[in-house]
Amino acid sequence: MKKILILNGPNLNLLGRREPTVYGHRSFDDFLDELRQHMEGRAELTYFQSNSEGALIDRLHEAGFGEVDGIVFNAGAYTHTSIALADAIRGIETPVVEVHISNVHQREEFRHHSMLAAACKGVICGFGLDSYRLAIEAMI
Ligand code: DQA
């Protein structure tokens, strides 16, 4: 059984309430219950969300040397700006898959570039919350 950390960045605590036409009506906690059931026997999921870049870096460092087998990371808007998160991903041993709920390539131009993608094992975006499940399947 694989241990997977799901890591969510800024504003993703507001899922279900935040821009529902883009991100949907479902809270992440509700989705996570279903995802845990779906993955039963195949993956053990731990979850961490922070709005702070530093807290995300600290969690990557903690998890990235053996605590888990893989990290599924939605860095929110830090995806497009953060050299520090890219360096953290490069600095750890555990593979990271970048995910996005929305198809960032259909949106504003500033969302088309990811600072993190080149440091990640792969990228999944545009499938709504199912992007997380697909990333976990890929990781397994
Ligand atoms: C997002 C896309 C980002 O551009 C945005 O800043 C987010 C969410 C997504 O999951 O679609 O906060 O990462």
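By convention here, the first residue in the shown sequence is residue 1. This is a predicted model, so every value here is computed, not measured. One-based numbering, in listed order, for ligands and for the atoms of each. In what follows, every heavy atom counts, from backbone to side chain, and hydrogens, waters and symmetry copies are set aside.
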Q: Which protein heavy atom lies closest to atom 5 (C) of ligand 1, and at what distance to 0.1 Å?
A: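 That would be Arg111 NH1, 3.3 Å.
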
Q: Can you check whether Arg107 has an N/O within less than 3.5 Å of an N/O in ligand 1?
A: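 No: no nitrogen or oxygen of Arg107 is under 3.5 Å from one in ligand 1.
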
Q: Of the protein's non-hydrogen atoms, which lies at the shortest distance from atom 9 (C) of ligand 1, and what is that distance?
A: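 Nearest protein contact, heavy atoms only, for atom 9 (C) of ligand 1 is Ile101 N, 3.3 Å.
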
Q: Which class fits the ring pair Tyr132 and Phe31: parallel under 30°, tilted 30 to 60°, perpendicular over 60°?
A: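 Geometry flag for Phe31 against Tyr132: tilted rings.
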
Q: Using heavy-atom distances, let me know which of Arg18, His80, Glu98, His100 sits nearest atom 4 (O) of ligand 1.
A: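 Among Arg18, His80, Glu98, His100, the closest heavy atom to atom 4 (O) of ligand 1 belongs to His80.
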
Q: Under a 3.5 Å threshold, yes or no: a donor from one side chain and an acceptor from the other, between Glu98 and Thr79?
A: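 There is no such pair (donor and acceptor under 3.5 Å, judged by atom type) between the side chains of Glu98 and Thr79.
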
Q: Below a 4.0 angstrom heavy-atom separation, can you tell me which part of Asn74, side chain or backbone, both or neither, approaches ligand 1?
A: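 The answer is the side chain.
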
Q: Please check whether Val99 reaches ligand 1 - meaning an N/O of the residue sits under 3.5 Å from an N/O of the ligand, judged on distance alone.
A: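 Val99 vs ligand 1: no N/O contact under 3.5 Å.
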
Q: Parallel, tilted or perpendicular: which describes the rings of His80 and Phe110, with under 30° parallel and over 60° perpendicular?
A: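 Answer is perpendicular, since the angle exceeds 60°.
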
Q: Could you walk me through whether Ser102 and Arg107 satisfy the side chain to side chain donor-acceptor pair (under 3.5 Å) test, starting with their C-alpha distance in whole Å, then the side-chain angles of each, then the deciding distance to 0.1 Å, before giving a yes or no?
A: CA-CA 8 Å; Ser102 63; Arg107 300 181 63 193; 2.9 Å; yes

Q: Report the part of Val104 (side chain from C-beta onward, or backbone N, CA, C, O) that has a heavy atom under 4.0 Å from ligand 1; answer both or neither where that applies.
A: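 Under 4.0 Å from ligand 1, Val104 contributes side-chain atoms alone.
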
Q: So is Tyr23 touching ligand 1 or not, going by heavy atoms under 4.0 Å?
A: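 Yes, that is the case, since the closest heavy atom of the residue is under 4.0 Å from the ligand.
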
Q: For atom CZ of Phe127, decide whether the heavy atoms of other residues, nucleotides or ligands shown that lie under 6.0 angstrom number more than 12.
A: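 Count not over threshold, so no.
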
Q: Hey, does the side chain of Ser52 reach the backbone of Gly54 with a donor-acceptor pair shorter than 3.5 angstrom?
A: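 No, the answer is negative, given that no donor and acceptor are paired below the 3.5 Å cut-off.
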
Q: What do you reckon, does Thr79 have a nitrogen or oxygen under 3.5 Å from a nitrogen or oxygen of ligand 1?
A: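 No, there is no polar N/O contact under 3.5 Å.
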
Q: What I want to find out is whether Arg133 reaches Glu34 closely enough, with some N-O distance under 4.0 Å, to be called a salt bridge.
A: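 Judged by the 4.0 Å cut-off on N to carboxylate O distance, Arg133 and Glu34 do not form a salt bridge.
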
Q: Could you check atom 11 (O) of ligand 1 against the protein and tell me its nearest heavy-atom contact, residue, atom and distance included?
A: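 Result: Ser102 OG, 2.6 Å.
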
